[in-house]
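To start, the structure itself, in structure tokens.
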Amino acid sequence: MEWENQTILVEFFLKGLSGYPRLELLFYVLVLIMYVVILLGNGTLILISILDSHLHTPMYFFLGNLSFLDICYTTVSIPPVLVSFLSEKKTISFSGCAVQMFLGLAMGTTECVLLGMMAFDRYVAICNPLRYSVIMSKGSYVPMAAGSWIIGVVNSAVQTGCVVQLPFCRNNVINHFTCEILAVMKLACADISGNEFIMLVATTLFTMTPLLLIIISYTLIIISILRIRSSEGRSKVFSTCSAHLTVVIIFYGTILFMYMKPKSKETLNSDDMDATDKLVSVFYGVMTPVINPLIYSLRNKDVKEAVKHLLRRKIFNK
């Protein structure tokens, strides 16, 4: 009987918003528009950080990596979601699901670590400006960014490798838009406590540790800013890190809301995800990459000037 209840799954069914056909069309239009904005906004940030020599600094090198990361993350997750909205067949192969899990987790982990690195960069720039060029030399910030990507890939490879080795039951319905690793893990017909422990350790190391670094960095930054006597000086210094702080609040705030908000008794007793959870998952996956370039362009004079300079060059070249 135990063998009969198990099967070798070749595909999963992504439930998404199957019960809400009208919402599917609305979400298709909204998500498609946001995806185009993500490509244009983040692509522009990458372009100006390469072409404008004034932006060849550690801060904008990290920002270019963050923009590239957002493009990669959304390109992995959004096109399959858009296809599922229009298609009656909402299935994904087992191997395709594994690739989606790997890439999604790798991008998410890399972003957490990268945001921590960016916080450290702001701390050195504000609290130790005389040694900034020495501490944040090219020999430092390039390995820091590369290390963020390596950590993301290694963490994702370990966790995804553990999940794909699990035996799966006949239930192949994933109540999500994409192959989210925790949702897939719950379908296994085996004890997943070992996987959950690995996930807990990885979350502590690669999500909470960067968050702790961010909190410590900004605590020291705020203390340093409060020591400045003039209000104009305080405002000028704070403006150099306000964009990054806003991005961090949105990124981690959404994660905390997704995983720490109270669940209803029905949700706790089942594997169902309510509509609010699904909307928040879309916000986390799509809105943050949309908002990042807007925040950095609207709250940063250097980026505004670089964009204007790039537009002027294009106009004069014509």
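Just so it is clear, the structure is predicted and the values come from calculations on it, not from any experiment.
- In this structure the side chain of Ile78 reaches within 4.5 angstrom of the side chain of Ile38, judged on heavy atoms.
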- Query: Can you check side chain to side chain contact (heavy atoms under 4.5 Å, CB included) on Thr109 and Ile151, steps first, answer last?
  - Reply: CA-CA 7 Å; Thr109 304; Ile151 288 170; 4.2 Å; yes
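- Here the closest heavy-atom approach between residue Ser224 and residue Cys127 is recorded as CB-SG, 3.8 Å.
- Looking at heavy atoms from C-beta onward, Ile71 lies in side-chain contact with Ile46 at the 4.5 angstrom threshold.
- Note: the hydrophobic cluster containing Val113 also contains Val124 (ILVMFWY, side chain heavy atoms under 4.5 Å, direct or indirect links).
- When all heavy atoms of Met118 and Phe62 are compared, the pair lying nearest together is CG-CB, 3.5 Å.
- Side chains of Tyr141 and Thr57 form no contact here, defined as non-hydrogen atoms less than 4.5 Å apart.
- Val99 is not connected to Val184 by any chain of hydrophobic side-chain contacts under 4.5 Å among Ile, Leu, Val, Met, Phe, Trp and Tyr, and they are in different clusters.
- For the disulfide bond (SG atoms under 2.5 Å apart) test, no residue two or more places apart in sequence or in another chain qualifies with Cys241.
- A ring pair (Phe, Tyr, Trp, His ring centres under 6.0 Å) check over residues 184-210, counting only residues at least two apart or in different chains, returns nothing.
- Within the 4.5 Å cutoff, no side-chain heavy atoms of His54 are placed close to those of Tyr60.
- Between Phe251 and Cys112, the shortest heavy-atom distance links the atoms CE2-SG, 3.5 Å.
- Taking the side chain as every heavy atom from C-beta outward, Leu115 and His244 approach each other to under 4.5 Å.
- Side-chain atoms of Tyr252 come within 3.5 Å of backbone atoms of Thr207 as a donor-acceptor pair (strictly under, hydrogens ignored).
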- Task: Quick one: do Ser49 and Leu63 satisfy side chain to side chain contact (heavy atoms under 4.5 Å, CB included)? Show the steps, please.
- Result: CA-CA 8 Å; Ser49 66; Leu63 180 57; over 6 Å; no
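- Residues Lys138 and Pro143 come closest through the heavy atom pair O-CD, 3.8 Å.
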- Task: Just do the side chain to side chain contact (heavy atoms under 4.5 Å, CB included) check on Glu111 and Asp70 with the steps written out, would you?
- Result: CA-CA 8 Å; Glu111 184 154 2; Asp70 284 339; 3.4 Å; yes
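- Counting only distance, with no hydrogens or angles, the side chain of Thr203 and the backbone of Met208 share no donor-acceptor pair below 3.5 Å.
- Using a 4.5 Å heavy-atom threshold, the side chains of Tyr28 and Leu82 count as touching.
- Annotation: side chain of Phe238 is not in contact with side chain of Ile221 (no heavy-atom distance under 4.5 Å).
- For the residue pair Asn128/Tyr123, the side-chain donor-acceptor check at 3.5 Å is not satisfied.
- The shortest distance between side-chain heavy atoms of Leu105 and Asn155 falls below 4.5 Å.
- Within 6.0 Å of atom OH in Tyr132, more than 12 heavy atoms from other residues, nucleotides or ligands are found, so the atom counts as buried in its surroundings.
- A chain of hydrophobic side-chain contacts below 4.5 Å, direct or via other Ile, Leu, Val, Met, Phe, Trp or Tyr residues, connects Leu182 to Phe12.
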- Task: Show your reasoning for whether side chain to side chain contact (heavy atoms under 4.5 Å, CB included) applies to Ser148 and Asn65.
- Result: CA-CA 10 Å; Ser148 301; Asn65 273 265; over 6 Å; no
